[in-house]
Every structure is written in structure tokens, then in C-alpha cells.
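What follows is one structure encoded as C-alpha cells, with my remarks underneath.
The structure presented is a predicted model; accordingly, all values stated were derived computationally and were not measured.
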Amino acid sequence: MNVFIVEDEDLYADQLVMLVERAGHTVCGIATNAEEALRLFEKSDADMALIDINLAGEMDGLELGKWLKRFKDDILIIFITAHYADVEYFERAKQLSAYAFLKKPIDVTDLLRTIELAFQYNTTQADIGTQGHMHDHHTLLVKIKAKYIKIDQNDITHIAAEDKYCSIHLKDGTVYLERISLNELNKKLSPRLFARTHRSYIVNLNNVQETDTAEFTIKVSGHRVPLGDTYKTYFLKKFGA
């Protein structure tokens, strides 16, 4: 497993590197602040990030975690803080679906066990994903009123959130309107095929015809959808630009 470390204190950073390597994993990047982490993370191919919450600079570790999730939504995040009893920190970590929340000074046994459990979780999720692809061949089950409709994900061009519903657009012009949040629907989609472009839009990468970074729009199967500034770097990376 590749582990990315963000820690601004040299002593703790060295300790984290030693423990990650002792656990048999690879340190794929080290950053001392959020800005450096954002620059290095894209090239790191990380499976997990160990992040100190109290980083020097404008962005703290929790805000950084939010951005790393946007770049890679399945990244496992373990937050580390000297303010372990801070309820606000813990609640913000929960909102990011952090894998763990550990305290400083670092307890070696706690960290090693947490890393090992994260590795096991990561392996299990990968196996589940592989089995799912073998069985469903990228199909999506859509519930429309009392009907359940199975569609090929390759036939989807884009998806738009509309209030409490999502409109699922297909190549043949068919549009399904399902009562579901975009976040929930996104979990059902193949990460190899789809990318979020905006808080209200997801596109099938195979159907993207052009991306206009000046106008912040994407043309997908003849439709124009917005490219949000927040998602721009993430989308362009997945698009291969």
C-alpha cells in the first residue's frame, strides 16, 4: 500500500516514515504543508494519507483532507492531532469519512494496528470491486417508481442532479429520473468510466468530446455541462489532460 504523509514537524515525520516502512508499506510522498501536499499528491498514486491536522499555513489538515478526497474519493485518511479531545476536529473528520483519528504523541502500537487494518480494508474493497465488475459488467440498477431497470453504464453520457432527483442521460436520448442524491449514485458508478465535473454533474469520460477550460464547460455527446473550478484539476487528471 502506498502511503502519503503530511506532517510539519520533522521528528514526527521521521517517525511516521519509519512506522509505515516497518509495517511493510511504501511512503510515496512527504509534505510539510497543505500547499506542498496538493502539488505532490497528484503524482503519488497514494492509497492512504496520514495527515497532521495542525499544519502551518492557511489550510489545516482537515481542509486538506477534503481536497484530497476530491482528487481521489477512495483515499483512506488517518488524521493525527495533539488536540485529540477537540470535538469540532472530530466532527469535521467524521464528515470526511476519515478512516481513523489518532492522537499525538503517537502510540506506536495504535498506529501500526490502524495501518494494518486500513490495508486489510483496502484489499477487501478492491476484491469486492473486482468481483462486482466480473458479475455486473458495469451495469447500473435504476429504480423508477415501482420499476427496477438495469442499464449498461457505458450507455450513460452524463448525470445531472435536480433537487432530490438525478437525471440519467443515455446515448439514445433516453433520460431516467431517479430519486437519489448525486453522491449516492456516484458510489454505484465505475470510477474508471465516470468523473465528477461539478457539484451537480457527472460525465462518462468515454463520451467527452471536448473540454473548454476558458469557458469552464465540457461537451459530452452534444450536451454542454459545467466544469466547476473545484473539480477542474481532478477532472483533467482523469481525462488524461
Side-chain angles (χ1 to χ4, degrees), residues 1-2 41-48 66-77 97 121-144 147-162 164-213 215-241:
M1 183 165 65
N2 293 326
F41 182 78
E42 292 184 76
K43 304 173 184 178
S44 69
D45 195 28
D47 302 302
M48 183 174 74
K66 187 188 299 183
W67 279 95
L68 297 192
K69 281 279 190 180
R70 288 172 178 169
F71 288 134
K72 187 175 182 181
D73 57 7
D74 61 348
I75 187 76
L76 297 174
I77 295 180
S97 300
Y121 174 83
N122 196 50
T123 303
T124 302
Q125 290 300 107
D127 289 343
I128 291 172
T130 301
Q131 292 169 9
H133 294 327
M134 287 173 60
H135 291 299
D136 68 13
H137 301 289
H138 298 309
T139 58
L140 176 68
L141 192 65
V142 179
K143 185 178 185 296
I144 309 296
K147 295 182 179 179
Y148 288 90
I149 303 168
K150 184 176 285 188
I151 58 179
D152 189 331
Q153 292 191 25
N154 291 288
D155 291 336
I156 299 171
T157 59
H158 65 287
I159 299 168
E162 302 173 10
K164 297 179 181 179
Y165 291 82
C166 283
S167 57
I168 304 166
H169 298 252
L170 306 187
K171 291 177 182 177
D172 64 4
T174 301
V175 179
Y176 291 112
L177 193 63
E178 182 178 18
R179 187 182 176 89
I180 188 174
S181 72
L182 195 63
N183 285 336
E184 286 302 309
L185 185 54
N186 192 33
K187 294 175 184 178
K188 300 180 180 182
L189 299 173
S190 166
R192 296 181 183 275
L193 290 177
F194 295 89
R196 193 90 172 248
T197 68
H198 184 273
R199 64 181 181 180
S200 301
Y201 286 88
I202 295 172
V203 301
N204 186 327
L205 293 165
N206 290 335
N207 293 315
V208 174
Q209 296 164 291
E210 67 178 40
T211 301
D212 190 329
T213 55
E215 296 293 330
F216 286 89
T217 60
I218 297 167
K219 186 178 181 182
V220 52
S221 296
H223 298 272
R224 287 279 178 187
V225 302
L227 175 62
D229 188 47
T230 301
Y231 296 90
K232 179 181 173 182
T233 302
Y234 159 78
F235 171 76
L236 290 175
K237 180 183 177 184
K238 293 202 72 172
F239 188 52

- [ ] Calculate, to the nearest 0.5 Å, the distance between atoms CG and NZ belonging to Leu193 and Lys238 respectively.
- [x] 9.0 Å
Open item on the list: As an exercise, state the distance from CG of Leu182 to SG of Cys166, rounded to the nearest 0.5 Å.
Closed with: 4.5 Å
Open item on the list: side-chain contact (heavy atoms from CB on, under 4.5 Å), that's the test. Do Leu189 and Ile159 meet it? Break it down for me.
Closed with: CA-CA 11 Å; Leu189 299 173; Ile159 299 168; 3.7 Å; yes
Task: Flag side-chain contact, heavy atom, 4.5 Å: Ile156 against Leu170 - done: yes
Open item on the list: Could you report the tightest heavy-atom contact between Lys150 and Thr139, atom names first, then the distance?
Closed with: CG-CB, 3.8 Å
- [ ] Run the numbers on Leu141 and Ile149 for side-chain contact (heavy atoms from CB on, under 4.5 Å), then give the verdict.
- [x] CA-CA 6 Å; Leu141 192 65; Ile149 303 168; over 6 Å; no
- [ ] Taking salt bridge (charged side-chain N to carboxylate O under 4.0 Å, His left out) as the test, write out the residues that go with Lys232, two or more places apart.
- [x] none
TODO: Could you grab the distance from atom CG of Asp229 to atom CZ of Phe216, nearest 0.5 Å is fine?
DONE: 5.0 Å
Open item on the list: I'd like to know whether the aromatic ring centres of Phe239 and Phe235 sit less than 6.0 Å apart in this structure.
Closed with: yes
Task: With sequence neighbours excluded, residues passing side chain to side chain contact (heavy atoms under 4.5 Å, CB included) with Lys164 - done: Arg179
- [ ] Check whether any side-chain heavy atom of Val220 lies under 4.5 Å from a side-chain heavy atom of Thr197, and answer yes or no.
- [x] no
TODO: Please tell me if the side chains of Leu185 and Leu140 come closer than 4.5 Å, counting only heavy atoms from C-beta onward.
DONE: yes
Open item on the list: Quick check for you: to the nearest 0.5 Å, what is the distance between Ser44 atom OG and Leu68 atom CG?
Closed with: 8.5 Å
TODO: Write out all pairs satisfying ring-ring contact (aromatic ring centres under 6.0 Å, His included) with one or both partners inside residues 180-199, taking only residues at least two apart or from two chains.
DONE: His198-Tyr201
TODO: Using the side-chain contact (heavy atoms from CB on, under 4.5 Å) rule, take Ile151 and Ile168 through it: C-alpha gap first, then chi angles, then the decisive distance, then the call.
DONE: CA-CA 10 Å; Ile151 58 179; Ile168 304 166; 4.1 Å; yes
TODO: List for me each residue that meets side-chain hydrogen bond (donor to acceptor under 3.5 Å, both in side chains) alongside His158, sequence neighbours excluded, and say none if there are none.
DONE: none
TODO: Please identify each residue that fulfils side-chain hydrogen bond (donor to acceptor under 3.5 Å, both in side chains) with Asn183, with sequence neighbours left out.
DONE: Arg196
Open item on the list: Quick check against the 3.5 Å criterion: does Asp47 have a side-chain atom that pairs as donor or acceptor with the backbone of Met1?
Closed with: no
Task: Counterpart residues, salt bridge (charged side-chain N to carboxylate O under 4.0 Å, His left out), relative to Lys187 (two or more places apart) - done: Glu184
Pairs under 3.5 angstrom only: tabulate donor-acceptor contacts from the side chains of residues 171-178 to other protein residues two or more places apart or in another chain.
| from | atom 1 | to | atom 2 | distance (Å) |
| --- | --- | --- | --- | --- |
| Lys171 | NZ | Asn154 | O | 3.3 |
| Asp172 | OD1 | Thr174 | N | 2.9 |
| Asp172 | OD1 | Thr174 | OG1 | 2.9 |
| Asp172 | OD2 | Thr174 | OG1 | 3.4 |
| Glu178 | OE2 | Lys143 | N | 3.2 |

TODO: Might you point out which heavy atoms bring Gln153 and Ser190 nearest each other, and give the distance in Å?
DONE: OE1-N, 2.9 Å
Open item on the list: List the residues meeting ring-ring contact (aromatic ring centres under 6.0 Å, His included) with Phe41, not counting sequence neighbours, and say none if there are none.
Closed with: Phe4
- [ ] Look up atom NZ in Lys69 and atom CD1 in Ile75, then write down how far apart they are to the nearest 0.5 Å.
- [x] 8.0 Å
Open item on the list: Tell me whether the count of non-hydrogen atoms from other residues, nucleotides or ligands lying under 6.0 Å of CD in Gln209 goes above 12.
Closed with: yes
Task: Set of residues satisfying side chain to side chain contact (heavy atoms under 4.5 Å, CB included) with respect to Ser221, sequence neighbours excluded - done: Thr157, Asn207
Open item on the list: Whether the side chain of Lys72 engages the backbone of Ala46 through a donor-acceptor N/O pair (distance < 3.5 Å, no angle test) should be reported.
Closed with: yes
Open item on the list: Show me the pairs that pass salt bridge (Lys or Arg N to Asp or Glu O under 4.0 Å) and involve residues 217-227, at least two apart or across chains.
Closed with: Glu210-Arg224
